Structure formats: C-alpha cells, structure tokens
Amino acid sequence: MTKQDVINQILGKNKSSDYYGTVTAFAPVNIALIKYWGKRNEILNLPVTDSLSISLTNLGTTTELSVNNNKDTVFLNDKKIDEHSDFFNRIVNFVDLFRPDPEFYFTVKTKNDIPTNAGLASSASGFCALTNALNKLFSWNLDHQHMSIIARLGSGSACRSIENGFVYWHAGKQQDGMDSYGETLSYKWSELTIGILTVSDKPKVISSRKAMSLTSKTSLLYKNWSERISHDLKSLLGSLKEKDMKRFGEITESNALSMHATMLDTKPPILYWLPETVQYMREIWNLRENGISVYFTIDAGPNIKLIFDKKDSNTIKKYFPEVKLINIW
Ligand code: DP6
C-alpha cells in the first residue's frame, strides 16, 4: 500500500480537476500529552499506539499555496528554500501526491509562529496547514477525518493538528490506515494553561522519524511501550474528566519521561536534552516540592512545555520570566 493508493481512495478519480488561484490556510501546533513514538507502518506513518494531544489554537503554521508554471518553489518564513534541502524535499514529496499532471507546479509559502524543527511540533502544524491549503485550492470539501488521514501521510503527528482542543489519535488496525486519524474530544478545561520554555531554537540533532525507528528496533525498554501507553491514556482520560490537575500533570510528565527513557535505551543512545533542559526540570520539581502544581512535557527536542492551572500564572511568570504563555481556550 502506497501513499498514492490512500490518496486515490480518498479523492477518487477527480482528485485535482479544478483549482482556485491563491489560497491561505492555518493549522495549530499540537503538544502530545500521551506520546506517539513508533510506527506499525513507516510509509503511511501509522502508529503503534493511540496518542493524545492538545492544540495550541492560535500558534501554528500559516501556508499560502498557489499554482506555478515553471517549478515547485518553497518559502519558509519569507526565505526561499534550497531545492536540495530536506525541508524542500519533504514538501515536494508530499505535494507530488496531488499533481493533476507532471507539469503542474506549486508555490508553497509557509510561515511558522514557532521555531522550525526544534521539537516544537512545527512539522505537525506545517503538514496540516498544507493539507488544509490543498483542500481549499482544489475545493475537495473533505471532512476532518479524511483531512487528518492526508495530513498524517506528511507527518504522523500532523493528523492531530486538524482539530482544536484535546485530540485523540486512533492508531487503527487497518492496513490502509483509513481508521487512523485524529478526533477531537469534547472536554474543555479553561483553567489548563501551557507555557513554553525555549531552550534552543536550533534544528534537532536527529529527526523524530529516524529516532523513533531506531528506538523501536533497538530499545529493550520499548517492548513495554504499548502497555505503558494504554495505562497512561486510561489514567489521563480519567483525570481529564475530573479536571484533576495533579493527576493530569503527573501522568503527562511521566509519559514524556518514559518516552525519553526508551530513547536513552536506544543503540546508539538518543538524547535531545541540553544542560538547560535538565536545569529547568530540576527547578520544576523543586517548585512542586514547595507546593506549586506545575508539570512539564518534552518532545523530540530540548524545549520544555509547562502545564499548570491558570490561577498560578503569575507565580509561574515570577519563576520563569522568559516563559511564553499560550491562550488555548
Ligand atoms: C515526540 O510526527 O514528527 O513529537 O510521523 O515521522 O513525521 P513522523 O514523526 P513526528 O513525531 C512526533 C513525535 C513526538 C511525539 C508526539 O508528537 O506524539
């Protein structure tokens, strides 16, 4: 099963007949609370387990898409991207799936509100914004489930950026992955606040794609990953229902640490943290010991996302004046 087979299944024969001038679309960054780490199908980005995220609403990627007569052109944050770069190739490989004919070219102008490729989920919002833009350009009028499936073909976690709020990604069982998509959960939690502590905005040392593949192949700890995720997902959903910040924060933090533990157990080991990451972790644990209910999660990068109750915002700002607070609801 190829990506093209999946696209043909979703769009049918008339996938790209009419198109409309220049379109612009947005998709939010999503932060995984229960992580996606490891694939059951590396081509279609089908995950081994379900995962759960929260979208950062107004923080993400805006993509302008138009048709071009000569060749594909990609801009990132107003800078033309080198045609030999990985970034360019990932985008072109994705839009290849949607060309009505081989002489049909795209201009993709993408802007990120957050550093690109630094473990802040820019590829998730990026591929989702591009999917939204394609949907507009070709007037497909797809529902969110199908858009989520298409975005996943660009980057797994992109399938969760299709929705706002809490999003549950069903791993699914089917070979074609038509049952693997992000679905919004009805929970709202207006007190839940996310803060970003940027340790580095440099691109990550190893892509999450490569890292998760190595982990699943070589880490012994990873053998328990599915079981661990089932347990954490169940507990997190319970804490979400009850709006129990302590339980919610503890599970989220522990799930992130267990993902990083499997990375450390990978051969050769993978470590995304920098000394400042560890320093922040210690400060957060210290604050907790002093009665402040703050937790963190970390993705494939050195940056920290804080999780806390809105009422503690001023305290958090006092201890971390550099924090970027996110308006989710
Ligand atoms: C650590 O979605 O970037 O952020 O599917 O290969 O593109 P690919 O990987 P990607 O991996 C994200 C991993 C993570 C955890 C998560 O977002 O759930």
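In what follows, residues are counted from 1 in the order of the sequence shown. Given the structure is predicted, the values throughout are model-derived calculations rather than measurements.
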Test log, rule side chain to side chain donor-acceptor pair (under 3.5 Å), inputs D143 and Q145: CA-CA 6 Å; D143 58 26; Q145 185 171 324; over 6 Å; no
Is there a side-chain contact between [X] and [Y] in this structure, where contact means two heavy atoms from C-beta onward sitting under 4.5 Å apart?
X	Y	value
T297	I307	yes
M259	I298	no
F320	L306	yes

Can you tell me how the ring of [X] sits relative to the ring of [Y], calling it parallel under 30°, perpendicular over 60° and tilted otherwise?
X	Y	result
W225	Y222	parallel
F296	W285	tilted
F138	F104	tilted
Y181	H170	tilted

Polar contact flag, side-chain donor to acceptor under 3.5 angstrom, [X]-[Y]:
X	Y	value
T266	T215	yes
D244	S239	no
T107	N68	yes
Y168	D50	yes
S254	R228	yes
N30	S55	no
K234	S230	no

Considering residues, nucleotides and ligands other than [X], do more than 12 of their heavy atoms fall under 6.0 Å from its [atom1]?
X	atom1	result
K111	NZ	no
Q175	CD	no
D86	CG	no
Y319	OH	no
K71	NZ	no
E322	CD	yes

Under 3.5 Å, side chain of [X] to main-chain N/O of [Y], donor-acceptor pair present?
X	Y	value
R90	G154	yes
S235	H231	yes
S219	S216	no
T24	T63	no
T57	I328	yes
H260	W273	no
D265	L221	yes
R288	V294	yes
D299	G301	no
D72	F106	yes

Do [X] and [Y] share a hydrophobic cluster, counting only Ile, Leu, Val, Met, Phe, Trp and Tyr and linking them when any side-chain heavy atoms are less than 4.5 Å apart?
X	Y	answer
M178	L11	yes
Y19	I10	yes
V167	I34	no
L33	L56	yes
W169	L237	yes

Derivation and outcome, side-chain contact (heavy atoms from CB on, under 4.5 Å), residues N112 and L76: CA-CA 8 Å; N112 285 337; L76 172 62; 3.9 Å; yes
Lys/Arg-Asp/Glu bridge criterion (N-O < 4.0 Å) met for [X], [Y]:
X	Y	value
D78	K80	no
K317	D312	no
D232	K35	no
R209	E42	no

Heavy-atom pair with the smallest gap, counting every atom of [X] and [Y]:
X	Y	answer
G182	S148	N-OG, 2.8 Å
N58	D113	O-OD2, 3.4 Å
A124	A158	O-CB, 3.3 Å

side-chain contact (heavy atoms from CB on, under 4.5 Å) against H144, all qualifying residues, sequence neighbours excluded: I162, E163
side-chain contact (heavy atoms from CB on, under 4.5 Å) partners of K3, counting only residues at least two apart: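 K3: side-chain contact (heavy atoms from CB on, under 4.5 Å) contacts with I43, L44, L97, L153.
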NZ or CZ of K109 within 45° of F75 ring axis and under 6.0 Å: yes
Aromatic contact, F248 with W189 (centres under 6.0 Å): yes
Aromatic ring proximity F166/W329, centre distance under 6.0 Å: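 Here the rings of W329 and F166 have centres that are less than 6.0 Å from each other.
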side-chain contact (heavy atoms from CB on, under 4.5 Å) assessment of N93 paired with F88: CA-CA 9 Å; N93 287 341; F88 183 90; over 6 Å; no
From L59 atom CG to I31 atom CD1, the distance as rounded to the nearest 0.5 Å: 8.5 Å
Steps toward side-chain contact (heavy atoms from CB on, under 4.5 Å) verdict (S51, I229): CA-CA 8 Å; S51 59; I229 289 285; over 6 Å; no
